[in-house]
Asks: 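My questions will all concern the structure given below.
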Amino acid sequence: GLGRDLMRRRFRTEMQILADLNHPNIARLLDAGETNDQVPYLVLEYVDGSPIHEYCAQHELSTDQRLKLFTTVCAAVQYAHQHLVVHRDIKPGNILVTNEGEPKLVDFGIAKLLEGGDLTSESPATVTAMHFMTPEYASPEQVRGMSVTTATDVYSLGVVLYELLSGRSPYRLNNRMPHEVA
C-alpha cells in the first residue's frame with residue numbers, strides 16, 4: 001500500500017545506512033539487491049532473541065543488570081549517531097537480547113541519515129510527517145512532524161529505560177489518534 005517507488009527508496013536507504021554500520025550490538029546487513037522481478041530485498045543477520053523488556057522480566061534482572069544492558073544499547077545508538085544515523089523507531093521490540101545476554105539494535109527501516117552523510121537529500125520516505133513511527137516511543141518532534149535529530153533517539157531511549165525500571169509506560173494512551181498521542 002505504500003507504492004512501489006516509495007518502497008524501493010526505503011529499501012535503498014536502509015541498505016545504504018546499514019552498509020556503513022559495523023557494531024557488535026547492531027544487526028548486520030549481509031546482502032541486498034533486487035530479484036529478477038525488480039522486488040528489492042535485504043538479508044540481515046538473524047537475531048535469535050527477545051525484546052529487551054521481555055528478556056529483563058524473564059530473567060528477573062536486577063536494576064543494576066538492567067542498567068548495564070541498557071548502557072550497551074546506548075553505546076550502539078551512540079555509534080549510529082556518530083555515523084550520522086538517527087534510528088527513529090527505538091522501542092523494546094527493536095532491541096532484541098540473545099540468550100547470551102547480548103542486545104542487538106534491529107530494524108533501521110525508518111532510519112534517517114542526517115545532513116553531512118552520503119544521503120543528504122530528504123526523501124518523502126524519511127519525512128516524519130508521513131507518520132512512520134511507534135507513537136508510544138516517538139519523541140515530541142516526531143509526533144508533531146518536525147525535523148528529527150539525535151535527540152529523537154535519546155528521547156525514545158528514555159521511554160524504554162522508564163519501562164525497564166518501572167515495568168510500565170510513562171504514558172497512558174487510550175488510543176493512537178494523533179491528537180491523543182500529541
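Keep in mind that this is a model prediction, so the values were computed, not measured. All values below come from the heavy atoms of this structure, side chains included, with hydrogens, waters and symmetry mates left out.
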Asks: Just wondering, do L113 and Q16 contact through their side chains at under 4.5 Å, heavy atoms?
Replies: no
Asks: Return the set of residues passing side-chain contact (heavy atoms from CB on, under 4.5 Å) with L29 (not counting sequence neighbours), or none when no residue passes.
Replies: M15, L18, A19, A32, L42, L44
Asks: Taking the side chain as C-beta and beyond, is there a heavy-atom pair between V143 and P135 under 4.5 Å?
Replies: no
Asks: List the residues meeting side-chain hydrogen bond (donor to acceptor under 3.5 Å, both in side chains) with T149, not counting sequence neighbours, and say none if there are none.
Replies: none
Asks: Rounded to the nearest 0.5 Å, what separates atom OH in Y55 from atom CG in N99?
Replies: 7.5 Å
Asks: Grouping I, L, V, M, F, W and Y whenever their side-chain heavy atoms are under 4.5 Å apart, do I110 and L96 come out in a common cluster?
Replies: no
Asks: Are V47 and Y79 co-members of a hydrophobic cluster defined by side-chain heavy atoms under 4.5 Å apart?
Replies: no
Asks: Is any side-chain heavy atom of H83 closer than 4.5 Å to a side-chain heavy atom of L21?
Replies: yes
Asks: Do you know which of E141, R88, K112 makes side-chain hydrogen bond (donor to acceptor under 3.5 Å, both in side chains) with T152?
Replies: E141
Asks: Closest approach of N94 and H87, non-hydrogen atoms and distance?
Replies: ND2-CE1, 3.9 Å
Asks: Using the rule that two of Ile, Leu, Val, Met, Phe, Trp, Tyr join whenever any of their side-chain heavy atoms come within less than 4.5 Å, decide whether V154 and V159 are in one cluster.
Replies: no
Asks: I'd like to check the side-chain hydrogen bond (donor to acceptor under 3.5 Å, both in side chains) partners of Q78; sequence neighbours left out, ordered by chain and number.
Replies: none
Asks: Share the residues that join Y41 in a hydrophobic cluster, the rule being Ile, Leu, Val, Met, Phe, Trp or Tyr side chains under 4.5 Å apart at the heavy-atom level.
Replies: L30, V43
Asks: List the atom of H53, the atom of P92, and the distance in Å for their closest heavy-atom pair.
Replies: ND1-CB, 2.9 Å
Asks: Going by heavy atoms in the side chains, are P103 and V97 under 4.5 Å from each other?
Replies: yes
Asks: Should Y155 and V85 be regarded as members of a common hydrophobic cluster, given that ILVMFWY residues are connected when their side-chain heavy atoms come within less than 4.5 Å of each other, either directly or indirectly?
Replies: yes
Asks: Determine, using the 4.5 Å side-chain heavy-atom cutoff (strictly less than), whether L157 and Y162 are members of one ILVMFWY cluster.
Replies: no
Asks: Atom CG of D153 and atom CG of D89: how far apart are they, to the nearest 0.5 Å?
Replies: 9.5 Å
Asks: Considering only heavy atoms from C-beta outward, does the side chain of Q142 approach that of S156 to under 4.5 Å?
Replies: yes
Asks: Which pairs pass side chain to side chain donor-acceptor pair (under 3.5 Å) with one or both residues in residues 22-33, sequence neighbours excluded?
Replies: N25-E102
Asks: Consider side-chain contact (heavy atoms from CB on, under 4.5 Å). Of V160, V77, V106, which one does I95 pass it with?
Replies: V160
Asks: Distance check, rounded to the nearest 0.5 Å: F70 atom CZ versus L165 atom CG?
Replies: 8.5 Å
Asks: Sorted by first residue and then second, give each side chain to side chain donor-acceptor pair (under 3.5 Å) pair with at least one member in residues 57-76; sequence neighbours left out.
Replies: S62-Q65
Asks: Going through the distances and angles, do T150 and L114 end up as a side-chain contact (heavy atoms from CB on, under 4.5 Å)?
Replies: CA-CA 9 Å; T150 55; L114 298 174; 4.0 Å; yes
Asks: Can you check whether L67 reaches L161 side chain to side chain, under 4.5 Å on heavy atoms?
Replies: yes
Asks: Distance check, rounded to the nearest 0.5 Å: T98 atom OG1 versus D48 atom CG?
Replies: 8.5 Å
Asks: Please report the closest heavy-atom contact between L69 and C56, naming both atoms and the distance.
Replies: CD2-SG, 3.9 Å
